[in-house]
Amino acid sequence: MARVVVVGAGFGGLAAAARLVRLGHEVVVLDAADAAGGVCRRVERDGHTWDAGPTYTLLPAVLRDLFRKSGRPLEREMDLVAHDVVREHRFADGTSLALPGGSRGAQVRAVDGLGAGLGEQWAAYVASYTETWELLRTDVLERRWSPEVGRTATARLLDSRATLQRALRRGLRDRRLRLVASHPFDVDGHEPGGVPAWAGVVAYLEQRFGTWSVPTHMATVTEVLADRLAGRGAEVRLGTRVHDVVVRGGRAVAVATSAGEVDADVVVCAIDPRRLPVLAPHVGATQPAMPPVVAHLGLEGDLPDLPHHETVIHGDPLLVVRVQPPGSAPAGGAAWTVVARGRGAEDPVRSLAERGVHVRPHVVTRIDLSPRAAAERWGGSPYGVRWEGRGTTRQRLGPRTPVPGVLVTGAHAAVGPGLAFVGLASALVAAEVPPV
Ligand SMILES: Cc1cc2nc3c(=O)[nH]c(=O)nc-3n(C[C@H](O)[C@H](O)[C@H](O)COP(=O)(O)OP(=O)(O)OC[C@H]3O[C@@H](n4cnc5c(N)ncnc54)[C@H](O)[C@@H]3O)c2cc1C
């Protein structure tokens, strides 16, 4: 049995810990915050509840696998429900697209509403990622990437200079469709010119597998994982900031914390590795992706009609409105989260009004989080590494690091942020700790 110390009790740290405990290891999870879950947690005020971060996930199989491999199946703990519509896009020219998930045919029909023939153009763009997905899934996501074992085609993909910007220009003549395809990267703070073309596979995943939510809030996922850890004898120590990994005799033997050293046979870093001086030199010249402005709004009265769980209002600033699940507000009210990026993003309510979505008179409570406050509260960026060309792929650590005894997971180690990719990264970490 190895004694594993996991640094960070966000979804990445908890997912790795839950798997490792089930494999028979002694696990201690340390987090600087006063609650577990990282950004996957509830925020509550005046009878309203919001998910602080994720409101849906891609690849539901990742959560199902995690729950099955760490105890009871997910279905016995919570519902996970597919959305008919991935998100609604509203464009500056007044047109809109409610993009369905999980169906090529439904996407073709919906996209044709923007112009005859555009549906097939979109479907061809999405289909161009079919092989990319198979290569990434089998060589990078479901097992540790190794040039010795992985296919040459995957190495070529990872080394390619092709950018998402170029793929969009080639594959999508309609500007609105390019906005739809680049949205997941725009909202996370990336420039399409810095994003590798293969990362556009997200559009394929949305079409093929859809997007999924837990109707009692996505935070239920981390709450159940934390309970599961406690039930299996793992320790989650909150209010404990980790300053560094202690290396003696050439390998990790402990972590240095605000409450002294904590011994470890293996350390799993599930925070930004730049924050641990032992790992920082190995992260190369990468930067964290800057968080957006976030406003959680409690609303009442006759609200503008936003029929889908997520509405993207394109323009500058880019605005994303997420309607929190039913039951998130007192009777007759609603809870929305607005994510904003760009010019004038500091006041998302004003920016919404400028685009015809008037909610100011309906706001009964609100919580605002600036990018700086978010990075402080979350101990770094939950969006992981900023894409700056193909070199970023290689400079990302994980699951192994050059420091013996230290593994890495979380948004900074995964190929992208989000529960799906982080969940896959945590499974790789668990596979790296020698079995009991
Ligand atoms: C507003 C927002 C919306 C999002 N929406 C979605 C979505 O809809 N779907 C989706 O899949 N993804 C979404 N994401 C991304 C997703 O939430 C993250 O990628 C994922 O939750 C990251 O998990 P993590 O464990 O890597 O990091 P975090 O959740 O950031 O957890 C890191 C933890 O480490 C702790 N920590 C940091 N430094 C230290 C230290 N030195 N010592 C001890 N503890 C430390 C922090 O307190 C924190 O608890 C969203 C993110 C945000 C911010």
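Counting convention: from 1, in listed order, for ligands and their atoms alike.
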I'd like to check the ring pair (Phe, Tyr, Trp, His ring centres under 6.0 Å) partners of Tyr56; sequence neighbours left out, ordered by chain and number. His309

Any atoms of ligand 1 less than 4.0 Å from a non-hydrogen atom of Arg322? List them with their elements. 3 (C), 4 (C), 5 (N), 6 (C), 7 (C), 8 (O)

Among Val201, Val202, Leu136, whose side-chain contact (heavy atoms from CB on, under 4.5 Å) with Tyr129 holds? Val201

So does Thr311 get a backbone contact from the side chain of Arg87, meaning a donor-acceptor N/O pair under 3.5 Å? no

Counting both backbone and side chain atoms, is some N or O of Val294 under 3.5 Å from an N or O of ligand 1? no

For atom 15 (C) of ligand 1, the protein heavy atom that lies nearest, with its residue and separation: Gly418 N, 3.9 Å

Assess Phe421 for proximity to ligand 1: is some non-hydrogen atom of it under 4.0 Å away? no

So which protein heavy atom does atom 10 (C) of ligand 1 come closest to, and at what separation? Tyr56 O, 3.5 Å

Looking only at protein heavy atoms, identify the closest one to atom 18 (C) of ligand 1 and say how far it is in Å. Pro382 O, 3.3 Å

If you measure every N or O of Pro417 against every N or O of ligand 1, does any of those distances drop under 3.5 Å? no

Would you confirm whether Arg178, through its side chain, and Leu172, through its main-chain N or O, come within 3.5 Å as a donor-acceptor pair? yes

Proximity to ligand 1 by part of Pro292, non-hydrogen separation under 4.0 Å: neither

Is the side chain of Thr401 donor-acceptor paired with the backbone N or O of Val406 at a distance under 3.5 Å, no angle test? yes

Could an N or O of ligand 1 be found under 3.5 Å from any N or O of Arg41, whether backbone or side chain? no

Between Phe11 and ligand 1, is there a nitrogen or oxygen pair with a distance under 3.5 Å? yes

Indicate yes or no: does an N/O atom of Cys40 lie under 3.5 Å from an N/O atom of ligand 1? no

Residue and atom name of the nearest protein heavy atom (relative to atom 31 (O) of ligand 1), distance in Å to one decimal: Gly10 CA, 3.4 Å

Tell me which protein heavy atom sits closest to atom 1 (C) of ligand 1, plus the residue, atom name and distance to 0.1 Å. Tyr383 OH, 3.5 Å

Scan the protein's non-hydrogen atoms and note whether one is under 4.0 Å from atom 27 (O) of ligand 1. no

Ring-face cation of Arg366 near Trp50 (centre distance under 6.0 Å, axis angle within 45°): no

Could you check whether Arg396 makes a cation-pi contact with Trp387, meaning its NZ or CZ is under 6.0 Å from the centre of the six-membered ring and within 45° of the ring axis? yes

Heavy-atom distance to atom 21 (O) of ligand 1: which of Leu14, Val39, Asp188 wins? Val39

Check if Arg377 has a non-hydrogen atom at a distance under 4.0 Å from any atom of ligand 1. no

Give yes or no for whether the N/O distance cutoff of 3.5 Å, strictly under, is met between Ala411 and ligand 1. yes

Between Thr55 and Asp51, a side-chain donor and acceptor under 3.5 Å: no

Just to verify, which of Arg228, Arg41, Arg42 counts as forming a salt bridge (charged side-chain N to carboxylate O under 4.0 Å, His left out) with Glu223? Arg42

From the candidates Gly379, Ala35, Ala270, Ala15, the one that places a heavy atom nearest atom 32 (C) of ligand 1: Ala270

Any heavy atom of Asp31 closer to ligand 1 than 4.0 angstrom? yes

Could you check atom 43 (C) of ligand 1 against the protein and tell me its nearest heavy-atom contact, residue, atom and distance included? Ala32 N, 3.2 Å

Would you tell me whether Ser96 and Arg90 have side-chain atoms, one donor and one acceptor, within less than 3.5 Å of each other? no

Does any N or O atom in Gly12 lie less than 3.5 angstrom from one in ligand 1, N or O only? yes

Do any heavy atoms of Arg241 fall under 4.0 Å from ligand 1? yes

What residue pairs, at least two apart or across chains, pass side chain to side chain donor-acceptor pair (under 3.5 Å) with a residue in residues 412-430? Arg274-His412, Thr409-Ser426

Looking at atom 45 (C) of ligand 1, what's its closest protein heavy atom, distance included? Ile271 CG2, 3.6 Å

Within a distance under 4.0 Å of any heavy atom of Trp378, pick out the atoms of ligand 1 and give their elements. 46 (C), 53 (C)

Specify the protein heavy atom at minimum distance from atom 11 (O) of ligand 1: its residue, its atom name, and the distance to 0.1 Å. Leu419 N, 2.8 Å

Is a donor on one side and an acceptor on the other found under 3.5 Å between the side chain of Ser160 and the backbone of Ala162? yes

If we number the atoms of ligand 1 from 1 as shown, the ones under 4.0 Å from a heavy atom of Thr240 are 43 (C)

From the options Val339, Val242, Thr57, select the one whose nearest heavy atom is closest to atom 42 (N) of ligand 1. Val242

